[in-house]
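Comments concern the structure below.
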Amino acid sequence: MIQMDEKIQGIYQEVLKRNPGETEFHQAVLEVLECLGPVIVKHPNFADRKIIQRICEPERQIIFRVPWMDDNGEVQINRGFRVEFSSALGPYKGGLRFHPSVYLGIIKFLGFEQIFKNSLTGLPIGGGKGGSDFDPKGKSDDEVMRFCQSFMTELYRHLGEHTDVPAGDIGVGGREIGYMFGQYKRITNRYEPGVLTGKGLTWGGSLVRTEATGYGATFFVNEMLKARKDSFEGKICTVSGSGNVAIYTIEKIHQLGGKCVACSDSNGVIYDEKGLDLDLIKQLKEVERRRIEDYIKTHKHAKYIAKGNIWEIPCQVAMPSATQNEINGKDAATLVKNGCIAVGEGANMPTTPEGVKLFLEAKIAYGPGKAANAGGVATSALEMQQNAGRDSWTFEYTEKKLEDIMINIHNNCFETADEYGAPGNYVLGANICGFIKVANAMVAHGLI
Ligand code: NDP
């Protein structure tokens with residue numbers, strides 16, 4: 001990683017002071033700022049217009065109360081967030097996360113990352129993120145519905161197809177998007193599919209959106225491997241998590257000839273030497289909403305490791321697809337030691353700074369989340385295009401578009417890293433490439 005120059009160090013200190021306690025946000029900002037020294041040298045007008053300082057300050061932050069009633073008739077109160085970070089390139093775009101760990105620092109880190117990720121897609125979308133500290137786990141369908149309705153009763157006034165268009169993230173899938181869309185429609189008396197993405201296929205959704213993040217991350221790793229004259233063929237892979245991103249990462253790995261032997265949830269790890277049975281995982285997680293532990297009830301040859309660490313299982317390709325900071329320095333060292341040659345991040349910021357440093361030093365193919373997992377939001381933008389044209393595209397056509405977008409992101413990151421004297425460093429390539437486009441738009445729009 002390049003040493004931060006003094007001016008950028010000063011900007012980072014100011015971010016720390018202005019956003020106390022938001023450690024994930026600090027981490028995300030630091031990772032970008034560390035890469036920007038040479039950009040400022042090439043583009044002195046960015047410094048004159050204080051682009052970096054402005055980009056670190058969200059355009060708007062909304063925090064609201066979400067009261068709802070549980071099945072026992074008891075009142076519950078959660079906190080809702082929407083951080084509208086940057087509209088330099090288009091309407092705010094980014095998912096909603098429902099997880100008990102959610103607080104402003106998490107939403108700001110995700111929103112900040114989203115600015116550059118969305119820029120990398122080449123599509124006209126700004127960056128935002130939202131969510132709540134609501135925990136959908138163990139809640140009935142009706143409870144989830146009442147929560148979503150209350151959440152949208154505040155959020156709707158901030159949304160619009162040209163203003164802000166949320167999607168899913170951890171804890172928010174098709175069911176939650178459906179309840180929120182229904183409430184939006186009811187309050188506004190308008191059928192506006194362009195206001196949310198990740199919708200169901202019969203009411204404005206896009207084919208491939210469900211698969212997009214996992215497929216896209218796997219396409220990205222495939223390109224990194226190709227750049228090294230290699231492929232997925234016969235590679236042993238591990239994928240953390242067993243949610244939306246993990247499931248479709250496993251699916252695409254298998255389609256490309258790899259063998260995925262392990263996945264996880266927050267309770268433990270499944271190891272299946274024969275290769276994971278994805279149909280069973282889909283049934284358990286998508287249909288029955290059960291825990292991954294139940295995999296071994298029918299597959300006795302597999303192992304369940306309660307509270308296990310998936311990164312200790314030897315693999316050639318690792319694809320973290322659960323949550324932030326799930327690979328620390330020690331895990332990264334273990335992966336490299338065990339012969340891992342590629343890491344592609346389906347999750348957002350799943351590797352700690354120590355882990356990232358280790359991957360870069362080991363010169364393995366390391367695809368950071370903001371580039372590797374951009375396929376989800378890119379396909380959301382394709383959903384918006386279909387909504388605007390009152391159209392719906394075939395699976396094959398949409399998947400091809402997704403693949404082309406991922407190849408393009410890969411090549412842009414690869415070439416930018418080369419141009420800035422750090423060949424093979426996709427972190428630097430993604431941060432610089434994503435930043436420059438946003439910065440140029442901000443200069444063009446004047447001081448706003
Ligand atoms: P899901 O809610 O569908 O699945 C999340 C998975 O990760 C679950 O298996 C969950 O286990 C596990 N997990 C979540 N939090 C933790 C935690 N704190 N510790 C351990 N395991 C955890 O979410 P997604 O698959 O949609 O999201 C996964 C990651 O991908 C996130 O980082 C998200 O930001 C990122 N992402 C998602 C996109 C999308 O389109 N959905 C787009 C781009 C990035 P458990 O059930 O036990 O909680």
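One-based numbering, in listed order, for ligands and for the atoms of each.
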Mind telling me whether F134 and W68 have parallel, tilted or perpendicular rings, with 30° and 60° as the class edges? perpendicular
Is the shortest distance from a Lys or Arg side-chain nitrogen in E288 or R290 to a carboxylate oxygen in the other one below 4.0 Å? yes
Mind checking whether H299 and Y295 have parallel, tilted or perpendicular rings, split at 30° and 60°? tilted
Nitrogen or oxygen contacts under 3.5 Å, ligand 1 side and protein side:
unit_1, atom_1, unit_2, atom_2, d
ligand 1, 2 (O), G171, N, 2.9
ligand 1, 3 (O), N244, N, 2.9
ligand 1, 9 (O), S242, N, 2.9
ligand 1, 9 (O), S242, OG, 3.4
ligand 1, 11 (O), S266, N, 3.4
ligand 1, 25 (O), N244, N, 3.2
ligand 1, 25 (O), V245, N, 2.9
ligand 1, 30 (O), G346, O, 3.4
ligand 1, 32 (O), A322, O, 3.4
ligand 1, 32 (O), N348, N, 3.2
ligand 1, 34 (O), R97, NH2, 2.9
ligand 1, 34 (O), D169, OD1, 2.6
ligand 1, 34 (O), D169, OD2, 3.3
ligand 1, 34 (O), N348, ND2, 2.8
ligand 1, 40 (O), R209, NH1, 3.4
ligand 1, 40 (O), R209, NH2, 3.1
ligand 1, 40 (O), T213, OG1, 2.7
ligand 1, 46 (O), R291, NH1, 3.3
ligand 1, 47 (O), S266, N, 2.8
ligand 1, 47 (O), S266, OG, 2.4
ligand 1, 47 (O), R291, NH1, 3.4
ligand 1, 47 (O), R291, NH2, 2.4
ligand 1, 48 (O), K137, NZ, 2.8

Does the distance from a Lys or Arg side-chain N to an Asp or Glu carboxylate O, for E154 and R157, drop under 4.0 Å? yes
If you apply the rule ring-ring contact (aromatic ring centres under 6.0 Å, His included), what do you find for Y426 with Y366, and how did you get there? CA-CA 7 Å; Y426 292 93; Y366 168 60; 8.7 Å; no
Decide, yes or no, whether a salt bridge links K108 with E22 under the criterion of side-chain N to carboxylate O below 4.0 Å. yes
